[in-house]
Each structure stands twice: as structure tokens, then as C-alpha cells.
Amino acid sequence: MTIGVLALQGDFREHIEVLRRIGARPIEVRLPQHLAAVERLIIPGGESTTIGRLLNRYQLLEPIRARAGRDLAVWGTCAGAILLAREVLDQKQGGQPGIGVMDIRVRRNAFGSQLDSFEVPLVAPVFGEAPLPGVFIRAPQIVGVGRGVEVLAEVPNGGIAAARQGRLLATTFHPELTDDDRVHRYFMEL
Ligand code: GLN
């Protein structure tokens, strides 16, 4: 069961470290042949416009779209969640390339400059009784979900922080920056 971490831009190294810690053997995905070798893919946080452009340039967009949610489980954290979303609000760039396979609507940089980065405990029973440490960095907000999308965690002051649609998972926060590996373990089972 091979897991890949998209390694074009962003905090992919942190994801790789967590995966190694829990006994997985992740590979870095940069090219279509790397993607072809994996059954799970994490899209890290970073800059969604940059990652989207690079996905396009390295010809990864189409093969990810074709497999996502089917024989490829995909988890997007933060920028990765933006890339998974069918609908992105507040796009300054207008029409940034995305994967667009998950039935969620997200608002980029939803918390404004005052709350650029913050940490808040998230109640999320699917991951266990103890709250998850929610680390948010210029985070988007999931503002709407379609039927068939399960809300897994909400931010106390509004917005959805984690959602799942079959084998697609989106989190607006960064579990890879904490020592809590429950979301990574959950994704390995998806
Ligand atoms: N604000 C970034 C974006 O819009 C996401 C930030 C992050 O991934 N930590 O792509």
C-alpha cells in the first residue's frame, strides 16, 4: 500500500516525517511515473496557486483527476484542500488551476490578516475523544459541502475544518505540524 506526498511546493517534508513515524514508507511525487506507483496521495499546505501551476506543468493534473477518490485516495491539507475543491471563492488570480474533484466550496485566506495563524482545539469524534490540535496558517474555510460529504470537524468560530467524501479528505489545518498523528493514521485506512 504505497503512499505518496506531492512534493512540488509547500510542507511536504513534514508529512513525510509523520508518515515515517507511523511506519509508512512514503515516496515523493513529482512526476507522472511517481504518481502511477501510489494508491494514496497527500497534497500539502503551501501556496495553492503555485502548486496548481506546477501540477499543470508536470502533467499531474489530469492523472490525479482521473483517479482521485477511485483507486487513489487523496488528502489535501490547507492549500491542498483548496486544490481539491470544486468551488473556490475569493480568488484574486481568477481561475487558478485546481483538481476540483471534491464537492466542497472553500474560501481562501478566510480568517484575514489579524488571524493569520492560530491554534485551536478541534472536537472531531471520528479521530477519537481528545480534541485535535488545530494549527491554522492563512487557512481557507470550507463554507459549503454537497450531499455525500461528511463534516468531520468544525472551527469553533465558524466554518468547517475537515470533511470527507469517500476516499477524498480535506483539512484546512495542519496535522503534520503537530505530534498528533491521528489524521495521518485515519487517511492510511481510507
Ligand atoms: N493561503 C494559502 C493558499 O491560499 C494556503 C495556506 C496554507 O496552505 N497554509 O493557498
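Computed from heavy atoms alone, side chains included, the values below leave out hydrogens, waters and symmetry copies. Keep in mind the model is a prediction, meaning the values are calculated, not measured. Both counts, for ligands and for their atoms, begin at 1 and track the order of listing.
- A salt bridge between Arg20 and Glu17 is absent, with no side-chain N of the basic residue lying under 4.0 Å from a carboxylate O of the acidic one.
- Taking every heavy atom of Arg138 and a limit of under 4.0 angstrom, the matching atoms of ligand 1 come to 1 (N), 2 (C), 5 (C), 6 (C).
- Classified by interplanar angle (parallel below 30°, tilted 30° to 60°, perpendicular above 60°), the ring pair Phe111/Phe118 is perpendicular.
- Within a 6.0 Å radius of CD in Gln33, other residues, nucleotides and ligands contribute more than 12 heavy atoms.
- Nearest protein neighbour of atom 5 (C) of ligand 1, counting heavy atoms only, is Gly46 O, 3.4 Å.
- The protein heavy-atom contact nearest to atom 1 (N) of ligand 1 is Asn109 OD1, 2.7 Å.
- Checking side-chain atoms of Arg182 against main-chain N and O of His184 turns up no donor-acceptor pair under 3.5 Å.
- Remark: minimum distance from atom 3 (C) of ligand 1 to any protein heavy atom is reached at Arg108 NH2, 3.4 Å.
- In the vicinity of Ile82, heavy-atom distances shorter than 4.0 Å reach the ligand 1 atoms 3 (C), 4 (O), 10 (O).
- Taking every heavy atom of Ser48 and a limit of under 4.0 angstrom, the matching atoms of ligand 1 come to 3 (C), 4 (O), 10 (O).
- Partner of Tyr58 under the side-chain contact (heavy atoms from CB on, under 4.5 Å) criterion, out of Leu8, Leu6, Leu35: Leu8 alone.
- Ranking protein heavy atoms by distance to atom 7 (C) of ligand 1, first place goes to Cys78 SG, 2.8 Å.
- Every N/O-N/O distance between Thr49 and ligand 1 stays at or above 3.5 Å.
- Applying the side chain to side chain contact (heavy atoms under 4.5 Å, CB included) criterion to Arg57, with sequence neighbours excluded, gives Leu54.
- Atoms of ligand 1 found under 4.0 Å from any heavy atom of Gly45, numbered from 1 in the order shown, are 8 (O).
- The closest donor-acceptor contact from the side chain of Arg40 to the backbone of Met188 lies under 3.5 Å.
- For Ile137, a nitrogen or oxygen atom sits less than 3.5 Å from a nitrogen or oxygen atom of ligand 1, counting backbone and side chain alike.
- A salt bridge links Glu47 with Arg108; the closest basic N to acidic carboxylate O contact falls under 4.0 Å.
- Remark: ligand 1 atoms within the under-4.0 Å shell around heavy atoms of His174 are 7 (C), 9 (N).
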